[in-house]
Amino acid sequence: MYSAKVMDHFSNPRNVGEMPDADGIGTEGNPVCGDVMKIYIKVKDNKITDAKFQTFGCGAAIAVSSMVTEMAKGMTLDEALKITKASLAEALDGLPPQKMHCSNLGADALHKAIEDYRNKQK
Amino acid sequence: MYSAKVMDHFSNPRNVGEMPDADGIGTEGNPVCGDVMKIYIKVKDNKITDAKFQTFGCGAAIAVSSMVTEMAKGMTLDEALKITKASLAEALDGLPPQKMHCSNLGADALHKAIEDYRNKQK
Amino acid sequence: MNKIYLDYVATNPLHPEVFEAMAPYFKEHFGNPLSIYEPGMHAREAIENARECVAALINAKPKEIIFTASGAEANNFAVKGIAYANQSKGKHIIVSKIEHHSILNTARFLEKQGFAVTYLPVDKYGTVNPADVEKAIIKETILVSVIHASPEIGTIQHVEEIGRIAKQKGVIFHTDAVASVGNIPVDVQSLNADLISFAAHQFYGPKGAAALYVKEGTRIVPLIYGGIQEGGRRAGTENVPAIVGMGKAAELAKRDLRKRIEHVKALRDKLVNNALKTDKVLLTGHPDKRLPGHASFVVEYIEGEAMLLLLSAKGVYAASGSACSSKALKASPVLISIGIPAHVAQGSVVFTLGEEITDNDINYFNETFPQIISRLREISPYAKGWEGTEGSACTAQK
Amino acid sequence: MNKIYLDYVATNPLHPEVFEAMAPYFKEHFGNPLSIYEPGMHAREAIENARECVAALINAKPKEIIFTASGAEANNFAVKGIAYANQSKGKHIIVSKIEHHSILNTARFLEKQGFAVTYLPVDKYGTVNPADVEKAIIKETILVSVIHASPEIGTIQHVEEIGRIAKQKGVIFHTDAVASVGNIPVDVQSLNADLISFAAHQFYGPKGAAALYVKEGTRIVPLIYGGIQEGGRRAGTENVPAIVGMGKAAELAKRDLRKRIEHVKALRDKLVNNALKTDKVLLTGHPDKRLPGHASFVVEYIEGEAMLLLLSAKGVYAASGSACSSKALKASPVLISIGIPAHVAQGSVVFTLGEEITDNDINYFNETFPQIISRLREISPYAKGWEGTEGSACTAQK
Ligand SMILES: Cc1ncc(COP(=O)(O)O)c(C=O)c1O
Ligand SMILES: Cc1ncc(COP(=O)(O)O)c(C=O)c1O
């Protein structure tokens, strides 16, 4: 069902945990649907220096969270805003079709975290 | 499907053939339904001294014809009139239920042959 | 004693390679294909591989194949599923008079539910005239279902032509190809059918696996509701080994089709030529446009079941459409439809060949068959002719 | 690595003796059971023997058994067959809210055809109150169908009582016993059911064989029309090896039932006791009146599919009713029916045991399961509680 890459990121998720001193936090999803992602970022000079996540959800949701935090780290905010559902799925060597929409919330949660950071800067 | 006795009477039918000098002839059945029996008897002193048959029909019909002619030979006419569907089936160690009604015409054909003989005596 | 199975149209022996392919799915890979753990996923993959092979046999896309458990199920599914999916458009259905019972009795059920059904006649060869289909289509017509090849008389219909007419008129076309797929080339691209039924046990595959081809985009209501197996179109835990077997059988059929056809056709022709030498033996169905391994006759003055029993005693296994040999005790409606009088139809006998049949088998058969005919004619009161009894109808006895 | 199959309710591995019984019917005795020659008659006898064994398992008469290809088919057949046979009397049907999809979706189909359906609620254990059945029956009611035991939560219904009420009111009663027959005693004499569905693959028999018990004298319209197989009530060339396998599996189930129950119940209790030691793990379904090998839980703050994947990586194969683990992407309606909030239902996990499971397996499982729970809770944003998110409905994403 899942690619080896998904299984790797699910079984050994990177960047798990809370980030008490986060610069931005984004949450996406709904536990009633089965998937919720919370993404934390640290930002310096418009760049994401660190990212962490907490996720309630299926294998795909956890793997997506792990992947999106890995990808985001080191990116500028504008680069990170270009991460999409499709680019995440591609980075994971694909996701089953029924998981594309309900579990692939990583980009949205990340974008929300960036928004949160920018709102705080105002 | 068929008992060994049915198969024996079907495979080696007794008393097959026309009887040009018959004293009575009885035909029962309808080729459209798949079974027709023609029974010939010779009668002497109210006794059936010989019986023959010609049958168009399935295995059961041929076996019944063979059995009814065997049974009838040596019987008085009144005894022969007591042969029934049931006694024929019993003598053949049973017939499949769906064959009881459509292929078990031996008794009727025999009784018609006796009737034919008696009509001729009048 | 020789044992010669000449009833391939009833069912085929399982090909040894097919059994080998199935074997691991009984015990080793027994998982439920819906499960997400390894044993289940293994079964799921096996099903999807089988679907590809089955689709390839008729040149369809894998997603156009819905597995069922029998040809009869596929036929019921096709006719009811299209009827219920389109009843708001109209409630008229067209079938031929020589459909298999699984179509005819389904049509009768739908009549009770308020559908109207037209039963198309056939000519003396059992062929439906495509022009009759065209004439029968009305505004309310939603489905035409015509059998591809008859298991009783072997005749192959002009399905391409019928399909073209249906398409032109915007009516869905189903063909029951249970007796043909795997035995003659069937290509969905040229057949013009929206739905096609076929069964594995007709081409050396297992019993318990069959399929309905449903052309992409054709809406169909399930016959068996439940879970999401077969894309929600046919529920029930999949019979994994049988489906795997159908896949393998389809692969072999595709590979060997031409060879199989040549083999059975040559032997069948030899059988027919010899049988017709006996007086009052008639070939039923079309002389040429028929299944290559199919030979069907009526033998006058004698009855089919009696022939089968004597043949069986000689090790030859065959079938008949006579009333006595059917458990329903009615002569085959197919034979009546092609104009054979009911009493002559009692002498029906059908021989169907497969790849195991040898030239020696046919030699033995050709020796045996005329002997059996003359033996039964010696017993028959009609050996010299029907004596004018043929008019009366059969009513009283049943 | 250990491989522990804990999803017996999805399907069972085939018993080796069952496979042995089936084996000769693939190639050697491949004949069509309708044929009158020896190979066909051999198959026919094998089917009738199997019918006797299957009937004996539930204390029915052989002629009350109709073979089908799956539990789903038996359920569709029962509900539609009774509905169509009795529609002139009335068009009202009663089912419970925790029926299998093969009942629920069939009921919905009948609603579209003009039938009315009452869906009975259940209590927090998933039990239907027989008094509710009594209240729901109206003059037009023709059928009550209540599942015998739930595959998702294990709860066993008061079917005897429901059957008594139906009989008293002159309404036909069907019970879906697919998850129970072969796993607990089922006796048609005490069950008061007119129809019972069950499937071989739930008691170490093959996929592809199931049955509908239809009490003598109960009229039913076929689901699959066609030939005269199964007394004209279910057409299609019989899947002889599968039916033979079901017969053997029934024989073994009857012989070993008590032993099997004792075995799985002891191990199941050990599993449940250990699982409930972890915080916020709840048993779903009835604590006692449940299938003996069945343990089902909701684990708060984490999701079922993720548990299944980690368990699978540890060689433990199980099931879940979570939205993510279902291909339909909806949380199990059964869990919602027993009052579990939708977000908690996401943590559903179901373990079902069978005769191959050992005490060592359960020890290994008992060690592994809590580790997996804590690992996923470490990732979860809810590890300290639900934070009041539980109210919102799930709509947007699908
Ligand atoms: C209670 C119940 N009913 C019906 C079914 C459907 O049976 P099958 O999968 O054999 O079609 C199942 C499947 O496990 C079941 O548990
Ligand atoms: C043309 C045709 N249709 C349907 C069927 C029914 O198929 P099954 O016996 O697999 O249900 C048959 C059976 O041989 C057939 O020949």
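Note that the structure is predicted; figures quoted are calculated from it, not measured. Quick note on labels: first sequence line is chain A, next is B, and so on, each numbered from 1.
Your options are C:H100, C:H201, C:E28, C:Q229, and the one with the most heavy-atom pairs under 4.5 Å with chain D is C:H201. Listed options C:E73, C:H101, C:E238, C:R108 were ranked by heavy-atom pairs under 4.5 angstrom with chain D; first place goes to C:H101. For the set C:P13, C:G208, C:S102, C:S70, the entry with the most heavy-atom pairs within less than 4.5 Å of chain D is C:P13. Among C:P16, C:A210, C:P39, C:P206, the residue with the largest count of heavy-atom pairs under 4.5 Å with chain D is C:P39. Options C:I224, C:L309, C:T237 differ in how many heavy-atom pairs under 4.5 Å they form with chain D, and the most are formed by C:I224. Among the candidates D:G227, D:A10, D:G40, D:G31, the residue making the largest number of heavy-atom pairs closer than 4.5 Å to chain C is D:A10. The most heavy-atom pairs under 4.5 Å with chain D, out of C:H15, C:Q113, C:Q87, come from C:Q113. Between chain C and the options D:Y25, D:Y37, D:F109, D:F77, the largest number of non-hydrogen pairs under 4.5 Å is found for D:Y37.
No side-chain heavy atom of D:N12 sits less than 4.5 Å from a side-chain heavy atom of D:E355. Counting heavy atoms from C-beta on, the side chains of D:N75 and D:T106 never come closer than 4.5 Å. Contact check for C:K207 versus D:F26: no side-chain heavy atoms found under the 4.5 Å cut-off. The closest side-chain heavy-atom distance from D:Y204 to C:F30 is not below 4.5 Å.
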I'd like to know whether D:F365 forms a side chain to side chain contact (heavy atoms under 4.5 Å, CB included) with D:L311, so could you lay out the CA-CA distance, the side-chain angles of the two residues, the decisive distance to 0.1 Å, and finally the verdict.
CA-CA 9 Å; D:F365 173 85; D:L311 282 166; 4.3 Å; yes
Practice prompt. Determine, stepwise, if the pair C:V9 / C:Q202 fulfils side chain to side chain contact (heavy atoms under 4.5 Å, CB included).
Written response: CA-CA 7 Å; C:V9 84; C:Q202 297 279 341; 4.3 Å; yes
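When each of C:I147, C:V117, C:D176 is paired with C:V95, the side chain to side chain contact (heavy atoms under 4.5 Å, CB included) condition holds for C:V117 and for no other.
Only the backbone of C:A318 comes within contact range of chain D, with at least one heavy atom under 4.5 Å from a heavy atom of that chain. Neither the backbone nor the side chain of D:A242 comes within less than 4.5 Å of any heavy atom in chain C. With a threshold of 4.5 angstrom between heavy atoms, C:T11 approaches chain D through its backbone and through its side chain. At a 4.5 Å heavy-atom cutoff, the contact between C:F19 and chain D is made by side-chain atoms alone. Only the side chain of C:Y5 comes within less than 4.5 Å of a heavy atom of chain D; its backbone N, CA, C and O stay farther away. Only the side chain of C:N76 comes within contact range of chain D, judged by heavy atoms closer than 4.5 Å. Neither the backbone nor the side chain of C:K3 comes within contact range of chain D; no heavy atoms are under 4.5 Å apart. Of the atoms belonging to D:V221, it is side-chain heavy atoms, and not backbone ones, that fall under 4.5 Å from chain C. With a 4.5 angstrom heavy-atom cutoff, D:K80 touches chain C only via side-chain atoms. Interface residue C:Y84: only side-chain heavy atoms are found under 4.5 Å from chain D.
A side-chain donor-acceptor contact under 3.5 Å links C:E230 to the backbone of C:F67.
Considering all non-hydrogen atoms of both residues, D:Y317 and D:S312 come closest at CE2-OG, 3.7 Å.
Atom-to-atom distance recorded for D:S145:OG and D:I82:CD1 is 10.5 Å, nearest 0.5 angstrom. Between the OH atom in D:Y8 and the CG atom in C:N32 there is a gap of 14.0 Å [rounded to 0.5 Å].
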